[in-house]
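Structure first, then comments.
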Amino acid sequence: MLEFLGEFRRTHYCGELREEHEGQRVRLAGWVDTVRNHGGVVFIDLRDRSGIVQVVVEELKTPEAYEIADRVKPEFVVAVEGVVRRRPEGTENPKLPTGFVEVVADRVLVLNEAKQPLPFQVEDEISVGEETRLRYRYLDLRRRPMLEKLLTRHKTYQVVRNFLTDEGFIEVETPLLTKSTPEGARDFVVPSRLHPGKFYALPQSPQLFKQILMVAGVDRYFQIAKCLRDEDLRADRQPEFTQIDFEMSFVGRKEVMEVAENLVKEVFKKVLGVELNEPFPVMAYDEVYSKYGTDKPDLRIREDKVSPLIDLTEVFKDTQFKVFRSVVDKGGVIKAVVARGAAKELSRQKIDELTKFVQKLGAKGLAWIRVDEDKLTSPITKFFSEEEVKALLERTEAKPGDVIFFQADADSELVHKVLDALRRRLADELKAREEGYRFLWVVDFPLVEWDEEEERFVSVHHPFTMPREEDLPKIDEALKTEDLEERKKVLSTVRSLAYDLVLNGHEVGGGSIRIHRPDLQKKIFKLLDIGEVEAQEKFGFLLEALQYGAPPHGGFAFGLDRLLALMTGSESIRDVIAFPKTQKGICPLTGAPDYLDPKQLKEVHCKVEEPEQ
RNA sequence: GGAGCGGUAGUUCAGCCCGGUCAGAACGCCGGCCUGUCAAGCCGGAGGUCGCGGGUUCAAAUCCCGUCCGCUCCGCCA
């Protein structure tokens with residue numbers, strides 16, 4: 001009973017039919033959304049990309065069509081022909097944009113069936129495990145909310161291309177098969193058939209190519225580029241993801257940030273209809289980090305409900321409280337977060353939960369003080385001197401109803417990590433987040449940081465990042481001294497011309513002014529303990545390019561998936577990617593990754609070594 | 001690499017703590033009835049290796065160990 005399409009051509013999309021089409025003969029094609037058979041009359045909600053319209057088939061008037069319509073099931077692919085009519089009075093459905101009309105069909109073609117039962121019901125709101133949705137992604141994407149996300153993504157591409165084109169940028173594609181570079185993330189690799197034992201790497205980003213395009217005089221480049229990183233996944237991280245990547249010559253960070261900011265404003269306006277009128281605030285990394293304990297704070301958190309971090313190290317520098325004493329002696333920090341007016345909501349039990357929460361992050365405990373009208377309730381105040389209590393209340397501006405949480409540790413990074421997580425947790429529990437989009441520029445990142453594991457300095461951004469000009473002498477100074485501690489001290493004050501764009505607690509983009517002189521680039525490699533030979537081998541092509549007249553340049557890249565996830569209110573970036581992978585990097589739809597045929601392996605000169613048990 | 005939560009019918013979940021009429025619900029599916037529904041309704045029915053492997057026990061969905069998978073987080077990664 002299946003029919004081929006033959007000469008049948010649709011005249012309209014389902015979702016566009018309105019009262020103005022009344023009386024018109026139309027042909028439609030799509031999927032059966034739902035069927036309601038009343039015996040003698042059957043209603044088919046027909047769905048295509050544009051929406052849904054009700055099709056009616058009556059047994060008495062069109063017995064042949066009725067017979068076919070009678071056996072139609074959800075997700076069958078059907079074509080219908082009939083006349084648009086206004087629905088009988090009282091049967092209109094205001095929930096549907098097409099709800100005032102219906103198509104009285106006299107012809108129904110079943111073009112394809114859908115196996116029953118379906119893996120899940122194709123409805124706007126579903127509660128189905130994500131793995132099942134990914135395995136049958138084609139069904140998942142039939143759902144309106146998912147289609148909307150694809151559309152938002154599409155519109156964003158268009159706005160980005162138009163905006164950057166108008167700004168004088170030209171779109172250039174860079175290779176996917178390229179060279180493995182050390183630093184940064186682990187590479188995905190591709191064995192070479194023509195060159196036994198050699199491998200391509202898939203790009204972590206088009207970084208080096210876009211710099212070389214600047215050397216080539218392209219002046220302004222952009223690309224909507226796939227990037228690949230073989231690292232562990234998160235809700236906001238996929239092994240392959242998309243960047244809006246751009247680079248410009250003869251500019252400083254101000255101009256790059258301006259383009260990025262204007263671009264994001266244009267996207268929000270044109271895609272979401274949201275006007276972001278205020279300039280995005282700019283903060284230095286040091287300030288952001290000490291105030292929020294992270295380099296990507298969520299500015300939606302109301303600071304009158306969950307305070308930023310308050311440094312109390314000074315208050316307790318002479319304390320007799322052993323726990324704090326030892327932290328101070330070891331050069332650690334004592335910081336606090338105040339949950340303002342939350343005393344009632346934060347029961348002892350809640351605080352116990354919070355304690356467990358921070359302990360999982362590595363905290364030794366969670367000291368707290370509840371401020372009541374006339375007294376302080378706390379397991380630790382008894383160890384404090386009167387002056388300490390007074391200074392503490394002053395510094396924290398604590399008022400009755402507030403609860404103060406402390407973190408003290410010799411490891412200041414741990415203190416910040418824990419208090420950042422605690423702030424976000426408190427914001428959840430106390431519903432202390434405002435609605436909306438809160439952007440933040442973070443600038444003046446440190447150029448390098450000491451990596452304990454590798455026992456060397458590593459770039460905070462990447463090795464091609466330009467230091468601030470005024471910090472250049474410090475790099476020479478650092479390179480001169482052999483004393484590691486001295487070197488760490490000097491380098492900790494060297495800032496880079498890197499910048500991150502943060503939205504609602506997520507890093508949605510970042511960039512930097514790059515090094516355009518080979519002498520300085522070599523110096524940085526030396527600082528990063530990348531030997532002359534290795535530098536030549538891995539980055540020789542860039543160093544060479546820099547020798548032939550590289551212009552000063554800099555650029556930026558948006559994490560498009562993250563941006564879209566935030567724009568569409570998605571919990572994870574998987575929702576804005578058509579075919580994403582699971583946390584273990586598996587594609588449930590195709591089954592990738594998979595074993596290779598031995599013949600294929602041989603062709604690329606590879607042998608598989610079973611992992612040790 | 002580590003921590004937490006989860007894995008029972010096509011789907012979502014209950015049962016697990018306290019082992020033994022605990023293999024259940026809803027939706028979906030299948031069959032029938034029904035001419036105005038749009039979460040259609042009514043009647044009837046089918047459907048489960050309880051993720052997998054091992055152990056304890058007279059007896060395991062239930063307790064123990066291991067393992068795989070999914071999600072969230074730390075490490076890692078901009």
Side-chain angles (χ1 to χ4, degrees), chain A residues 33-45 52-61 66 73-75 87-96 98-99 102 114-136 139 183-186 204-205 207 227-239 241 243 295-296 356-363 414 417-418 421 424-425 442 445 451-453 458-462 465 498-502 506-512 556-559 562 571-572 574 581-584 586 588 613:
Chain A
D33 196 66
T34 51
V35 204
R36 294 174 297 279
N37 192 336
H38 283 249
V41 62
V42 56
F43 299 97
I44 298 172
D45 283 350
I52 289 174
V53 71
Q54 174 165 287
V55 175
V56 195
V57 188
E58 292 179 72
E59 187 172 21
L60 290 176
K61 290 179 189 154
Y66 179 82
K73 304 257 160 27
E75 302 310 316
R87 289 200 192 184
E89 205 170 330
T91 66
E92 301 91 348
N93 182 358
K95 284 184 213 157
L96 285 179
T98 61
E102 61 192 4
K115 189 175 154 190
Q116 305 286 332
L118 297 160
F120 54 87
Q121 285 156 259
V122 179
E123 295 166 344
D124 285 2
E125 300 299 326
I126 54 172
S127 60
V128 176
E130 209 174 345
E131 200 181 1
T132 307
R133 288 173 51 202
L134 293 184
R135 175 157 175 209
Y136 304 97
L139 296 180
E183 303 294 299
R186 194 177 293 114
Q204 298 173 23
S205 78
Q207 182 59 36
C227 304
L228 301 107
R229 294 176 188 165
D230 189 2
E231 296 291 348
D232 288 355
L233 276 45
R234 285 283 193 293
D236 63 352
R237 274 166 25 196
Q238 281 275 299
F241 60 99
Q243 287 189 344
D295 58 1
K296 43 178 186 189
K356 276 186 199 139
F357 171 73
V358 298
Q359 278 170 337
K360 278 183 200 158
L361 293 168
L414 181 67
K417 184 176 100 178
V418 168
R424 285 180 284 129
R425 170 75 182 252
V442 182
F445 279 84
D451 186 314
E452 286 294 345
E453 211 167 296
V458 294
S459 298
V460 168
H461 187 57
H462 58 52
T465 306
Y499 29 85
D500 273 0
L501 184 60
V502 176
H506 297 266
E507 185 207 324
V508 292
S512 61
F556 191 86
F558 283 100
R562 286 183 188 174
E571 297 265 316
S572 98
R574 293 186 296 275
K581 292 176 178 62
T582 67
Q583 200 171 45
K584 279 262 173 17
I586 286 167
Q613 289 303 311

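Reminder, nothing fancy here: chain letters follow the sequence lines and each chain counts from 1. This is a predicted model, so every value here is computed, not measured.
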Need one value for [X]: base, sugar-phosphate or nothing, where a base atom within 4.0 Å counts as base even if backbone is also close, heavy atoms only.
| X | result |
| --- | --- |
| Ile52(A) | nothing |
| Gln116(A) | sugar-phosphate |
| Pro88(A) | base |
| Arg562(A) | nothing |
| Val42(A) | nothing |
| Thr582(A) | sugar-phosphate |
| Asn37(A) | base |
| Ile586(A) | sugar-phosphate |
| Gln359(A) | nothing |
| Gln583(A) | base |
| Arg186(A) | nothing |
| Gly509(A) | nothing |
| Gly129(A) | sugar-phosphate |
| Asp295(A) | base |

Has [X] got a side-chain N or O lying under 4.0 Å from the OP1 or OP2 atom of [N]?
| X | N | value |
| --- | --- | --- |
| Gln204(A) | rC77(B) | no |
| Thr34(A) | rC38(B) | no |
| Lys356(A) | rA3(B) | no |
| Lys95(A) | rA39(B) | yes |

Kindly say whether [Y] contributes a backbone atom to a donor-acceptor pair with the side chain of [X] at under 3.5 angstrom?
| X | Y | result |
| --- | --- | --- |
| Arg135(A) | Pro588(A) | no |
| Gln204(A) | Ala185(A) | yes |
| Glu92(A) | Gly90(A) | yes |
| Tyr499(A) | Ser512(A) | yes |
| Tyr66(A) | Val42(A) | no |
| Gln116(A) | Pro74(A) | yes |
| Thr98(A) | Ile52(A) | yes |

In this structure, how many angstroms lie between the [atom2] atom of [N] and the [atom1] atom of [X], rounded?
| X | N | atom1 | atom2 | result |
| --- | --- | --- | --- | --- |
| Glu102(A) | rG36(B) | CD | C1' | 8 Å |
| Phe556(A) | rA78(B) | CZ | P | 16 Å |
| Glu571(A) | rC73(B) | CD | C1' | 14 Å |
| Lys584(A) | rG51(B) | NZ | C1' | 14 Å |
| Arg133(A) | rU12(B) | CZ | P | 11 Å |
| Glu59(A) | rU35(B) | CD | C1' | 9 Å |
| Asp500(A) | rA78(B) | CG | P | 12 Å |
| Leu361(A) | rG75(B) | CG | C1' | 12 Å |

Less than 3.5 Å between a donor and an acceptor, one on the side chain of [X] and one on the base of [N], is that the case here?
| X | N | result |
| --- | --- | --- |
| Arg36(A) | rU35(B) | no |
| Arg234(A) | rG75(B) | yes |
| Gln54(A) | rU37(B) | yes |
| Arg237(A) | rC76(B) | yes |
| Glu92(A) | rG36(B) | no |

Inter-nucleotide [atom1] distance ([N], [M]), Å rounded:
| N | M | atom1 | result |
| --- | --- | --- | --- |
| rG2(B) | rA40(B) | P | 48 Å |
| rU49(B) | rA3(B) | C1' | 31 Å |
| rG7(B) | rG45(B) | C1' | 29 Å |

Which nucleotide sits closest to the side chain of Thr132(A): rU72(B), rA78(B), rU11(B)?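 That would be rU11(B).
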For the side chain of Lys73(A), counting heavy atoms from C-beta on, which of rC77(B), rC69(B), rC30(B) is nearest?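 Out of rC77(B), rC69(B), rC30(B), the nucleotide with an atom closest to Lys73(A)'s side chain is rC30(B).
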Taking the nucleotide of RNA chain B with the closest heavy atom to each, which residue, Phe43(A) or Pro74(A), is nearer the 5' end?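 Its nucleotide being nearer the 5' end, the pick is Pro74(A).
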If rG66(B) has a Watson-Crick or G-U wobble mate with both distances under 3.5 Å, name it; if not, just say none.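 Base-paired to rC52(B).
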Now, which nucleotide makes the Watson-Crick or G-U wobble pair with rC16(B), with each of the two distances under 3.5 Å?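 rC16(B) is unpaired by these criteria.
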Would Phe120(A) count as stacked on rU11(B) if the rule is ring centres under 5.5 Å and plane angle under 30°?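 No, Phe120(A) does not stack on the base of rU11(B).
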With centres under 5.5 Å and planes under 30°, do His38(A) and rA40(B) count as stacked?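 Stacking is present between rA40(B) and His38(A), given that their ring centres fall under 5.5 Å apart and the planes under 30°.
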Short N-O contact, Arg574(A) and Glu130(A), less than 4.0 angstrom: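 Yes, charged N to carboxylate O under 4.0 Å.
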